[in-house]
Number of protein chains: 4
Amino acid sequence: MATEKKQQLLDTALSLFVEQGIQATATAKIAKQANVATGTLFHHFANKQELVMTLYHEIKSDLGQAIDQPEANDDLHALVHHYWQRALQWAVDNPQKLQFLQQIANNPQFGISQQQEVMSSSMAFLIDVIKQGQQQGELASLPLDLVLNYCHYHYLATATLFVEQPELARQQAYQDGAFQMFWQGLAAIREQA
Amino acid sequence: MATEKKQQLLDTALSLFVEQGIQATATAKIAKQANVATGTLFHHFANKQELVMTLYHEIKSDLGQAIDQPEANDDLHALVHHYWQRALQWAVDNPQKLQFLQQIANNPQFGISQQQEVMSSSMAFLIDVIKQGQQQGELASLPLDLVLNYCHYHYLATATLFVEQPELARQQAYQDGAFQMFWQGLAAIREQA
Amino acid sequence: MATEKKQQLLDTALSLFVEQGIQATATAKIAKQANVATGTLFHHFANKQELVMTLYHEIKSDLGQAIDQPEANDDLHALVHHYWQRALQWAVDNPQKLQFLQQIANNPQFGISQQQEVMSSSMAFLIDVIKQGQQQGELASLPLDLVLNYCHYHYLATATLFVEQPELARQQAYQDGAFQMFWQGLAAIREQA
Amino acid sequence: MATEKKQQLLDTALSLFVEQGIQATATAKIAKQANVATGTLFHHFANKQELVMTLYHEIKSDLGQAIDQPEANDDLHALVHHYWQRALQWAVDNPQKLQFLQQIANNPQFGISQQQEVMSSSMAFLIDVIKQGQQQGELASLPLDLVLNYCHYHYLATATLFVEQPELARQQAYQDGAFQMFWQGLAAIREQA
DNA sequence: CATGAATGAGACTTCATTCAT
DNA sequence: CATGAATGAAGTCTCATTCAT
């Protein structure tokens, strides 16, 4: 009950932020569209910044939960594919959340460096997968931060494309092609000829 | 064409935009830091939006020029590597410009969708390279827009990493690794075993 | 009469009012620091103004009681000295109350003119003393309101000094000096040489 | 010219502050009554606090100039009387300024301790007069701070009385009586009997 | 009596933009 | 071209007060 209006505010804020931009969205507008008084917003969030940050953490945690579910699979390729699919599905299901993350990560005012913050926590498990793959010789032995950066952006690239053009997300050729590029980029180089 | 003061304004604006965010930077602050009167800014730019857009086009064109220089080379791998290096070097040399592009591309208020706008022009030539590579069988035959999207983001990924941590840009392992992943992702799949 | 919570509110209010100013102190802050809910404050006081006024009257009455205790003494000088000491002691013992009185008396929003209101009641007896002294020829025969005004401010002057610098209040030279000036100011002029 | 609107703002602010209290006066109201846009106020003063402080310093300096004019006179009594008259005249001529000083001095939010700040500077010369009087044996040899405090408040007492009831200021009995009390309070005690 | 989420008027302040000089 | 004082709409945030529980 106490949470009802707070959640309404967060939901409305997400919509407006994505439509118009964070700074361009007035707190009064958020409150009005959430059917709540101006003061109520500031009853739940000390200031606009805190509202934005709360939203950010909520979404990050949401993404983390969507991805990081136990998956028993000893085939590395299949394992990575599972994670990849889940993460992509989350983006397709929550297009606004993805757009919000992109927006906030690129605005210096929020002090969130893209790769450091956005995914680090929700991708802790990814580190293990990569290390394991490198030891087994299936993945190229490159610096971990470089590889993580690659994963992060390649995910964003595909997710953004699929969110902006949802019809692509439904075509097998695009789904397969995207993962193929992702995996090939990570894979160890095979002896050429 | 650009007066001295006009260029001063553009330079100062870029710095401030990257430090504090575009919206968070007041025109008065730009003018003051450029040692120019408030009104002068509006002599050169009809409004703030125009200042931002002028900067945007200036930077886009700057990037285009840096990359798109004729390169005679019949080896596809070597050709792509050259372009890759040039583009990356530009980012390392102009960190603020890269950050500005990222910021503007992710802010809905400017109506610039990342992949559509930012690089399209400066990467027209890239399309030819990719098509050619696919015909020759060296690159995977995937949908063009998917591949361009991949190129675009992989470039941003690497450039951002190198800009945020310049010391990495100087290590061969990182330079080579980044391009290796990029190329492998694009490359045609070889028969396994 | 006053509930425990009501008194807690009054005490807390006094502290905060003196520290930050009356208007600058939010009712919510008073309630919180008094370990009471926001609404509770408005159960005990119809509005903030009433809280302020209750405090004001409580303090005025407190000061009145401290001063106006019967004192049998036919020596005028000694009698006045007794009153003076009591009033001063009250201020030293209740520095915040004195400061609150000063603050409220000088804020036009509360419509309390300093000399008219603040002390009038608690100094009713003073009028008799002065009149008597003037008749006996010991005190200068000056207009009563002028003299009362003098008494009032000279008291505030000394009390404020002693409250702001408590170490002075403990030195005999300051105590004696302050009363000496007070008394001399009131006293009838003696023939010069 | 540049100062015109600024001074209008200061004048209007003084009036409103004295009528309604500083905090109770909205910046918008000041601007409107000064026939100036809201933004103009903040063009001249960074914030409300700075407006208040500017006013405060202006008034303090004004009072200082009104009092501290050279006065050749070797009779101490006459000299002090001159200063006393000037200071009092200033208050009668500038009732709002006096009231503003009283208001600000008693509001903890402005951090101005009454006796320390308000007059100290404008009464530097007073210190010399007192010291001299004490050496000559005309004034009681009491601690300097105590005496200054006495002067300060006795002045405020009389000024406030005369400002609140201007008709008194015009009666010789009140003028003479006020100074008589002031002087007697300061004067050295004569041998009794 | 007590609670504290909710209210909304209104305060302070910012800022893109204009315009007389 | 350049200036910077002036503008006023709009934004963020505060706070006394209410009311359902």
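Letters A, B, ... mirror the listed sequences (proteins, then strands); counts begin at 1. Just so you know, these numbers come straight off a predicted model, no measurement behind them. Basis for what follows: all heavy atoms, side chains included, without hydrogens, waters or symmetry-related copies.
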When rounded to whole Å, the CZ to C1' distance for the pair A:Phe45 and E:dA5 reads 13 Å
By nearest-heavy-atom nucleotide on DNA chain E, the more 5' of D:Thr25 and C:Thr40 is C:Thr40
To the nearest angstrom, the CD-P distance between B:Gln23 and F:dA10 comes to 17 Å
Mate of F:dA20 across any strand shown (Watson-Crick or G-U wobble, both atom pairs under 3.5 Å) is E:dT3
Practice task
Check whether any side-chain nitrogen or oxygen of A:Thr27 sits under 4.0 Å from OP1 or OP2 of F:dG11, and answer yes or no.
Solution key: no
A:Gln109 atom CD is separated from F:dG11 atom P, nearest whole Å, by 16 Å
B:Leu9 CG to E:dA16 P, in whole Å, measures 13 Å
5'-most contact on DNA chain F (nearest-nucleotide basis), D:Leu41 vs C:Ala24, goes to D:Leu41
Between NZ of D:Lys32 and P of F:dT7 the distance, given in whole Å, is 14 Å
B:Thr38 has its side chain closest, among F:dT7, F:dT3, F:dA5, to F:dA5
Assert: residue with more 5' nearest nucleotide on DNA chain F, out of D:Val36 and C:Gly39, is D:Val36
Salt bridge (Lys or Arg N to Asp or Glu O under 4.0 Å) filter on C:Asp62, not counting sequence neighbours, yields C:Lys97
Out of E:dT3, E:dT17, F:dC13, minimum distance to the side chain of A:Phe42 belongs to F:dC13
Looking at C:Ile22, is its backbone amide N or carbonyl O close enough to the side chain of C:Gln103 to form a donor-acceptor pair, meaning the two atoms are under 3.5 Å apart?
yes
In whole angstroms, the gap separating P of E:dC1 from CD of C:Glu4 amounts to 12 Å
Mate of F:dG11 across any strand shown (Watson-Crick or G-U wobble, both atom pairs under 3.5 Å) is E:dC12
Exercise. Has B:His43 got a side-chain N or O lying under 4.0 Å from the OP1 or OP2 atom of F:dT3?
Worked result: no
Working for side chain to side chain contact (heavy atoms under 4.5 Å, CB included), residues C:Phe45 and C:Lys6: CA-CA 9 Å; C:Phe45 309 96; C:Lys6 183 168 183 175; 3.7 Å; yes
Quick check against the 3.5 Å criterion: does B:Gln109 have a side-chain atom that pairs as donor or acceptor with the backbone of A:Ala24? no
Ranking D:Asn47 and C:Ala37 by the position along DNA chain E of their nearest nucleotide, the one closer to 5' is C:Ala37
The side-chain contact (heavy atoms from CB on, under 4.5 Å) partner of B:Gln99 among B:Ile104, B:Thr160, B:Val18 is B:Val18
side-chain N/O A:Lys5 vs E:dT7 OP1/OP2, d < 4.0 Å: yes
Picking from E:dT13, E:dT7, F:dA2, the nucleotide nearest the side-chain atoms of D:Lys48 would be E:dT13
D:Glu50 atom CD is separated from E:dC12 atom C1', nearest whole Å, by 14 Å
When rounded to whole Å, the NE2 to C1' distance for the pair D:His44 and E:dT13 reads 16 Å
